[in-house]
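Could you have a look at this structure, given as structure tokens, before my questions?
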Amino acid sequence: MAASAIDKQPSGVITLLTSDGGELLVDKELLCSSSKFFAGMLTACDATRLQVEENREVMESVLIVMRGSPPVNTFDTRSTACWSIFKKILIVADKYDMSLVKERCEKWLVSRCLRGRMRSHTFKFQDVSEGFEWLAICQKFDLKDLGWYCAYDLGTQLAQGAWPRPLHDCLEGVTCPDMLKTILEAVQAAVNSGGPLGPSGSGAGPGGEPAGPGHGLE
């Protein structure tokens with residue numbers, strides 16, 4: 001007798017075996033609904049234990065985001081470690097086709113790490129090289145809101161003379177027209193304000209915060 005539709009639905013618990021020997025338990029239904037990769041794999045076989053290439057720390061962070069919470073080690077939003085773990089999560093989420101995980105990471109990075117800090121005149125994105133690395137991640141994973149903030153900050157630092165390489169070399173890897181436009185808008189805003197972006201700077205929102213995606217100079 002053919003299996004019923006109910007028999008084919010996800011059920012039970014899956015054990016993820018990490019590269020460093022760890023074992024992580026995750027609800028099968030949650031895993032399948034969060035990852036098209038694992039949904040396809042578990043539809044084709046009835047496995048209860050799956051080997052992954054990532055270590056326990058990274059996969060544990062991914063599962064925490066999958067369940068709807070930011071990882072504890074990202075609570076210090078001003079630390080390099082916070083950005084580093086989000087970067088690892090995004091790479092894993094892209095690898096296993098976890099669109100909701102990517103959306104949550106982008107939302108938290110913007111709302112908890114960037115949006116409030118952009119009101120500060122002394123804000124700088126980690127450093128210029130780190131900023132460009134994040135801009136490349138935003139382009140690759142189509143993180144438009146986060147990309148806007150990264151691009152705006154890089155443009156602000158360009159206007160302040162902080163870029164270590166010629167302009168053409170720095171912008172060579174920026175292939176997204178909207179992000180390139182945002183960088184140039186930030187430069188124009190800084191020039192118009194006569195220095196670091198402030199409440200009176202062109203393109204700034206209430207309280208000196210940049211207006212946000214879709215609200216820059218035309």
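Position 1 is the first residue of the sequence, and the numbers go up from there. Below, each value reflects all heavy atoms present in this structure, side chains not excepted, and no hydrogens, waters or symmetry copies.
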Task: Main-chain N/O of Leu24 paired to Glu60 side chain as donor or acceptor, under 3.5 Å - done: no
Task: Results of side chain to side chain donor-acceptor pair (under 3.5 Å) for Glu103 - residues two or more places apart only - done: none
- [ ] Among residues two or more places apart or on two chains, list those pairs meeting ring-ring contact (aromatic ring centres under 6.0 Å, His included) that have a residue in residues 41-66.
- [x] none
Task: Hphob cluster co-occupancy, Phe37 + Phe141, side-chain heavy atoms under 4.5 angstrom - done: yes
Task: Flag, side chain of Ser35 to backbone of Met98, donor-acceptor distance under 3.5 Å - done: no
Open item on the list: Keeping Gln160 on the side-chain end and Gly155 on the backbone end, is there a donor-acceptor pair under 3.5 Å?
Closed with: no
TODO: Show your working on side-chain contact (heavy atoms from CB on, under 4.5 Å) between Leu143 and Trp148 and close with a plain yes or no.
DONE: CA-CA 9 Å; Leu143 307 176; Trp148 187 92; over 6 Å; no
TODO: Measure the shortest side-chain to side-chain distance between Thr182 and Tyr149 over non-hydrogen atoms and say whether it is less than 4.5 angstrom.
DONE: no
Task: Any donor-acceptor N/O pair, Gln139 side chain to Cys176 backbone, under 3.5 Å - done: yes
- [ ] May I ask you to test the Ile14-Arg49 pair for a side-chain heavy-atom distance under 4.5 Å?
- [x] no
TODO: For the residue pair Thr18 and Glu54, establish whether any side-chain heavy-atom pair is separated by less than 4.5 Å.
DONE: no
Task: Spatial distance of atom OG (Ser33) from atom CE (Met66) [nearest 0.5 Å] - done: 8.0 Å
Task: side-chain contact (heavy atoms from CB on, under 4.5 Å) evaluation trace for Ile183 with Val174 - done: CA-CA 10 Å; Ile183 291 175; Val174 184; 4.2 Å; yes
Task: Heavy-atom closest pair, residues Met179 and Cys138 - done: CE-CB, 3.7 Å
Task: Asp153 CG to Cys150 SG distance, which is reported to the nearest 0.5 Å - done: 7.5 Å
- [ ] Could you tell me whether the side chain of Val62 reaches within less than 4.5 Å of the side chain of Tyr96, counting heavy atoms only?
- [x] no
Open item on the list: How close do Leu42 and Ala47 get, counting heavy atoms only, and between which atoms?
Closed with: CD2-O, 3.7 Å
Open item on the list: Would you call the rings of Trp134 and Trp83 parallel, tilted or perpendicular, taking 30° and 60° as the class edges?
Closed with: perpendicular
Task: Charged N-O contact under 4.0 Å between Glu23 and Arg56 - done: no
Task: Ile64 side chain near Pro70 side chain, heavy-atom distance below 4.5 Å - done: no
Open item on the list: Is there a side-chain contact between Leu135 and Leu154 in this structure, where contact means two heavy atoms from C-beta onward sitting under 4.5 Å apart?
Closed with: yes
Task: Closest contact, heavy atoms only, Arg67 versus Leu25 - done: NH2-O, 3.0 Å
Open item on the list: Let's go through Tyr152 and Gln157 carefully: what are the C-alpha distance in whole Å and the side-chain angles of both, what is the deciding distance for side-chain hydrogen bond (donor to acceptor under 3.5 Å, both in side chains) to 0.1 Å, and is it a yes or a no?
Closed with: CA-CA 9 Å; Tyr152 202 97; Gln157 293 193 56; over 6 Å; no
Task: Hydrophobic cluster membership, Leu180 vs Val191, 4.5 Å side-chain cutoff - done: yes
Task: Salt bridge flag under 4.0 Å for residues Asp97 and Lys102 - done: no
- [ ] Check the pair Leu31, Lys28 against side-chain contact (heavy atoms from CB on, under 4.5 Å), reporting the backbone distance first and the verdict last.
- [x] CA-CA 5 Å; Leu31 184 62; Lys28 185 176 181 180; 5.6 Å; no
Task: Minimum-distance pair of heavy atoms, taken over all atoms of Leu90 and Cys105 - done: CD2-CB, 3.7 Å
Open item on the list: I'd like to know if Glu57 and Lys88 make a salt bridge, using a cut-off of under 4.0 Å between side-chain N and carboxylate O.
Closed with: no
Task: side-chain contact (heavy atoms from CB on, under 4.5 Å) partner of Leu50, the single match among Val26, Leu16, Thr15 - done: Leu16
Task: Cluster link Leu30 to Leu17, ILVMFWY, side chain under 4.5 Å - done: no
- [ ] Please round to the nearest 0.5 Å and tell me the distance separating atom CD1 of Ile137 and atom CG of Leu146.
- [x] 8.5 Å
Task: Minimal non-hydrogen separation, Ser61 against Ile89, with atom names - done: CB-CD1, 3.7 Å
Task: Residues which pass side chain to side chain donor-acceptor pair (under 3.5 Å) with Glu53, listed by chain and number, not counting sequence neighbours - done: Lys95
Task: Donor-acceptor contact present, side-chain Ser69 to main-chain Val65, <3.5 Å - done: no
TODO: Look at Lys144 together with Asp178 and state whether they make a salt bridge at an N to O cut-off of under 4.0 Å.
DONE: no
TODO: Output, in order, the C-alpha distance, side-chain angles, deciding distance and verdict of side-chain contact (heavy atoms from CB on, under 4.5 Å) for Thr48 and Val13.
DONE: CA-CA 7 Å; Thr48 58; Val13 174; over 6 Å; no
